[in-house]
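Okay, structure first, notes after.
All ligand and atom numbering here is 1-based and tracks the order in the structure.
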Amino acid sequence: MTADNRPLAGDDLRAEIDRLRKERNAVILAHYYQTADIQDLADFVGDSLELSRKAADTDADVIAFCGVKFMADTAKILSPEKIVILPDMDAGCSLEDSCPPEKFKAFREAHPDHIALTYINCSTEVKALSDVIVTSSSAETILSQIPPEQPIIFGPDRHLGGYLSRKFNRPMLLWPGVCIVHEAFSETELLKLKAQHPGAPVAAHPECPPVIIDHADYVGSTSGILQYAQTFQGDTLIVATEPHIIHQMEKALPQKRFIGAPGADGNCSCNICPYMALNTMEKLYVALRDLQPRIEIEEGLRLRARRSLDRMLEMASGTIGLGDLGPV
Ligand code: 13P
Ligand code: SF4
C-alpha cells in the first residue's frame, strides 16, 4: 500500500521491494519454479542445492526465501543468525506432507541396519531423523560415496528413489511419497506431443514417474535441465518439470522453442506447483516490510537437522571419504 492507501503494483511495487531489500540488507533467493516476475527480481535463482549453498554463505542480515517452506527452513538451519522470511507460510510440499516424522521414525526403527538417505523435500524433524540429505542435483554424487554393502532407506520421494535405485542397480527401501506436480504428467499426452514435434528431445525431472522418465532423453535436477537446454541439438525441447523454469530457457535461448509436457487434460496447468504459486510479489513486499512471516526453529532440533544437511554439503562437493559415513 502507498501512503494514500493505493495498492502497489508494477514498477512501484518493484521499486519498493528494491528499497526494502537495501534498507534491510536482505538477499532475495528464488527457486526456478517461482513466477517470472519473482525470478527476475531475485538476487539469486537456483535449484535446491544451489539455494542451500547461497543461504549458508550469504552475509545479508535477512534472507527472503521465494520458494517453499522446507527450503526456507533449510536456510534457517544453515544460517540461524539470519532472519529468514517466507512470503507465504502455507507454501508447503506434497512430499513433506507424505512423511510425518513419527511414522518415519518408526520406519527407521524397524530397519536399524539401514541408513536414511533423505531428499531435502521433507520437514526439519525428518531431516533430524536422517543420516544424509540429498537434492536431485547431488543425489548421484552422494549415493556413489556410500559403500555398496550399506543398506539404505530412501524417502520421501519414491520416484527419485526408484530412479536412483534403477540407475545404480542398488536396492533401497523406498518411502511411498510423490510430488503431486510431477505425478500429474500424462504419458498418453506426452506421446501425442512427441508425435507433433518429431525429433524434439524430452528433459525430465527425476520426481517424474517411470512412465515419463522412460521417454526422456535427459533426466536431472532443475539446474541440470537448464544446462541440457543450453546444449541439446535441435530447435524444440519438451520440458517435463514445473513450467515456470521455462522462463530461464526463453531468456537464455530466445531462438529455441520450449514446450511444457502436458498433464492428463492435455494442457500443463495441473503441473504448476500450487505451493510455489502462493508466493507473490505483493506478499514478498509485505514480508520485507514487516519481516514476517518468519521461520523459527527450536535450537536442539535445528542442530540435529544440521548434521544431515552438513553431510550433504560435504559429500556433494566430495570432501568426505567413503569410510567416514555412518549413522548419526
Ligand atoms: P531441484 O530444483 O533441486 O531440482 O528440486 C525440484 C523441486 O521439486 C523443488 O521442490
Ligand atoms: Fe513439492 Fe513438487 Fe512443489 Fe517441488 S514441485 S515443492 S516437490 S509439490
Checklist entry - Do we get K256 above F232's six-membered ring, with its NZ or CZ under 6.0 Å from the centre and within 45° of the axis? => result yes
Ligand 1 versus [X]: contacting region, heavy-atom distance under 4.0 Å:
X: H205; value: side chain
X: V68; value: neither
X: Y33; value: side chain

Item to check | Side-chain (K105) to main-chain (P100) donor-acceptor, under 3.5 angstrom | outcome: no
Next on the checklist: Looking at A26, is its backbone amide N or carbonyl O close enough to the side chain of R21 to form a donor-acceptor pair, meaning the two atoms are under 3.5 Å apart?
Outcome noted: no
Do [X] and [Y] have side-chain N/O donor and acceptor atoms under 3.5 Å apart?
X: Y119; Y: E207; answer: yes
X: N271; Y: H182; answer: no
X: S221; Y: S136; answer: no
X: Y33; Y: T241; answer: yes
X: S138; Y: T141; answer: no
X: D131; Y: S308; answer: no

Checklist outcome for this item: Near E207 (heavy-atom distance under 4.0 Å), the atoms of ligand 1 are 6 (C), 7 (C), 8 (O)
Checklist entry - Which atoms from ligand 1 have a heavy atom of M71 less than 4.0 Å away? => result 9 (C), 10 (O)
I'd like to check whether [X] has a polar contact with ligand 1, where a contact means an N/O of the residue lying under 3.5 Å from an N/O of the ligand.
X: S221; answer: no
X: T222; answer: yes
X: T135; answer: no

Next on the checklist: Any salt bridge linking D11 with R14? Criterion: basic side-chain nitrogen under 4.0 Å from a carboxylate oxygen.
Outcome noted: yes
Checklist outcome for this item: One finds that the ligand 2 atoms under 4.0 Å from a non-hydrogen atom of Y33 are 5 (S)
Checklist entry - Passes side-chain hydrogen bond (donor to acceptor under 3.5 Å, both in side chains), Q39 versus H244? Steps please. => result CA-CA 9 Å; Q39 290 188 41; H244 285 106; over 6 Å; no
Checklist entry - By side-chain contact (heavy atoms from CB on, under 4.5 Å), which residues pair with V178, not counting sequence neighbours? => result R158, H159, E183
Next on the checklist: Among all protein heavy atoms in this structure, tell me which lies nearest to atom 10 (O) of ligand 1, with the distance rounded to 0.1 Å.
Outcome noted: N121 ND2, 3.4 Å
Checklist outcome for this item: protein heavy-atom neighbour closest to atom 5 (O) of ligand 1 works out as S48 OG, 3.4 Å
Next on the checklist: Just to check, does H31 reach to within less than 4.0 Å of ligand 1 when the distance is taken from its heavy atoms?
Outcome noted: yes
Checklist outcome for this item: So the protein N/O/S atoms within less than 2.8 Å of atom 2 (Fe) of ligand 2 come down to C179 SG
